[in-house]
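Here the structure comes first, spelled out in structure tokens, and everything after it is commentary.
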Amino acid sequence: MKLRIYPEHIGEYQSFLNTLPEKVKKEIKKASVCKRLINPDDCNPKCIMGYAFAMDGEQYQKCRYMAFQPTLSEENNPYIKRFLEKELRAGSDYE
């Protein structure tokens, strides 16, 4: 089972991605590139743009629907919880 995360504030805590387990990082790296970030005319204009972020010193531009879908597991769940907490805290700064 996977959980899809939409980290709207990833820029505020992207260094956290460096702490993720290698399996999760591998899933993120394999995710589709966001065509709209590269060339807005290459994707459906109704599609919401994806995410630009750094992980392990490399820059990524990933599709919002594919980038952050970690597999739920005993190993991953604590990281998923921290991910959600970071997003919640970052989002609350804007309210």
Side-chain angles (χ1 to χ4, degrees):
M1 183 180 296
K2 293 184 177 267
L3 175 72
R4 183 175 286 150
I5 301 171
Y6 296 109
E8 299 301 320
H9 308 286
I10 191 70
E12 294 181 38
Y13 58 89
Q14 65 184 333
S15 62
F16 166 74
L17 299 175
N18 300 330
T19 70
L20 295 172
E22 288 304 316
K23 288 180 183 180
V24 176
K25 289 180 185 179
K26 187 175 178 180
E27 290 177 342
I28 293 170
K29 291 175 185 179
K30 284 181 10 180
S32 303
V33 171
C34 175
K35 294 177 187 177
R36 288 207 63 199
L37 283 172
I38 295 170
N39 180 356
D41 297 329
D42 279 351
C43 196
N44 182 332
K46 293 181 181 179
C47 181
I48 299 171
M49 208 170 285
Y51 305 105
F53 59 91
M55 182 173 65
D56 292 339
E58 289 189 49
Q59 295 294 320
Y60 295 93
Q61 294 179 314
K62 297 294 184 174
C63 173
R64 79 180 268 112
Y65 303 107
M66 303 300 294
F68 300 104
Q69 291 191 82
T71 302
L72 298 174
S73 70
E74 285 188 38
E75 177 189 5
N76 294 347
N77 289 353
Y79 293 93
I80 293 169
K81 181 180 177 191
R82 276 183 255 162
F83 200 149
L84 296 172
E85 288 170 344
K86 288 187 175 292
E87 181 61 25
L88 183 63
R89 272 190 240 118
S92 68
D93 291 343
Y94 294 100
E95 294 176 357

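- Contact record, K86 with F16: CE-CD1, 3.4 Å, taken as the closest heavy-atom pair.
- Aromatic ring centres of Y51 and Y6: separated by at least 6.0 Å.
- Rounding to the nearest 0.5 Å gives a distance of 9.5 Å between CE of M49 and CD of Q61.
- When side chains are defined from C-beta on, K81 counts as touching E85, because their heavy atoms get closer than 4.5 Å.
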Does the side-chain contact (heavy atoms from CB on, under 4.5 Å) test come out yes or no for E75 and K23, once each step is laid out? CA-CA 10 Å; E75 177 189 5; K23 288 180 183 180; 4.3 Å; yes

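- The CG atom of L37 sits 11.5 Å away from the NZ atom of K62 when rounded to the nearest 0.5 Å.
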Decide salt bridge (charged side-chain N to carboxylate O under 4.0 Å, His left out) for K25 and D56; before the verdict, give the C-alpha distance in whole Å, the side-chain angles of both, and the deciding distance to 0.1 Å. CA-CA 9 Å; K25 289 180 185 179; D56 292 339; 3.0 Å; yes

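- Between V24 and Y79, the closest side-chain pair of non-hydrogen atoms is not below 4.5 Å.
- You'll find the side chain of R89 stays beyond 4.5 Å of the side chain of E12, heavy atoms only.
- Hydrophobic clustering (side-chain heavy atoms under 4.5 Å, transitive across Ile, Leu, Val, Met, Phe, Trp, Tyr) groups L20 together with L84.
- No single ILVMFWY cluster, assembled from side-chain heavy atoms under 4.5 Å apart, contains both I38 and I48.
- One hydrophobic cluster holds both F68 and L72 under the rule that ILVMFWY side chains link at heavy-atom gaps under 4.5 Å.
- Atom NZ of K2 is separated from atom CD of Q69 by 6.5 Å, given to the nearest 0.5 angstrom.
- In the hydrophobic clustering of this structure, Y65 does not group with V33; members are Ile, Leu, Val, Met, Phe, Trp, Tyr whose side-chain heavy atoms approach within less than 4.5 Å, directly or through other members.
- Going from atom SG of C34 over to atom CE of M66 covers 12.5 Å, rounded to the nearest 0.5 Å.
- With respect to the salt-bridge test (charged N to carboxylate O, under 4.0 angstrom), the residues K30 and E27 do not qualify.
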Checking salt bridge (charged side-chain N to carboxylate O under 4.0 Å, His left out) for the pair E8/R64: CA distance, chi angles, key distance, verdict? CA-CA 9 Å; E8 299 301 320; R64 79 180 268 112; 3.1 Å; yes

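- Taking 4.5 Å as the limit, every side-chain heavy atom of Y60 sits out of range of all side-chain heavy atoms of I28.
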Determine, step by step, whether M55 and K29 satisfy the side-chain contact (heavy atoms from CB on, under 4.5 Å) criterion, reporting the C-alpha distance in whole Å, the side-chain angles of both residues, the deciding distance to 0.1 Å, and the verdict. CA-CA 9 Å; M55 182 173 65; K29 291 175 185 179; 3.8 Å; yes

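- A donor-acceptor distance shorter than 3.5 angstrom exists from the side chain of N76 to the backbone of T71, with no hydrogens or angles considered.
- In this structure, I10 CD1 and S15 OG are separated by 9.0 Å, a value rounded to the nearest 0.5 Å.
- Taken to the nearest 0.5 Å, the SG atom of C63 stands 9.0 Å off from the NZ atom of K35.
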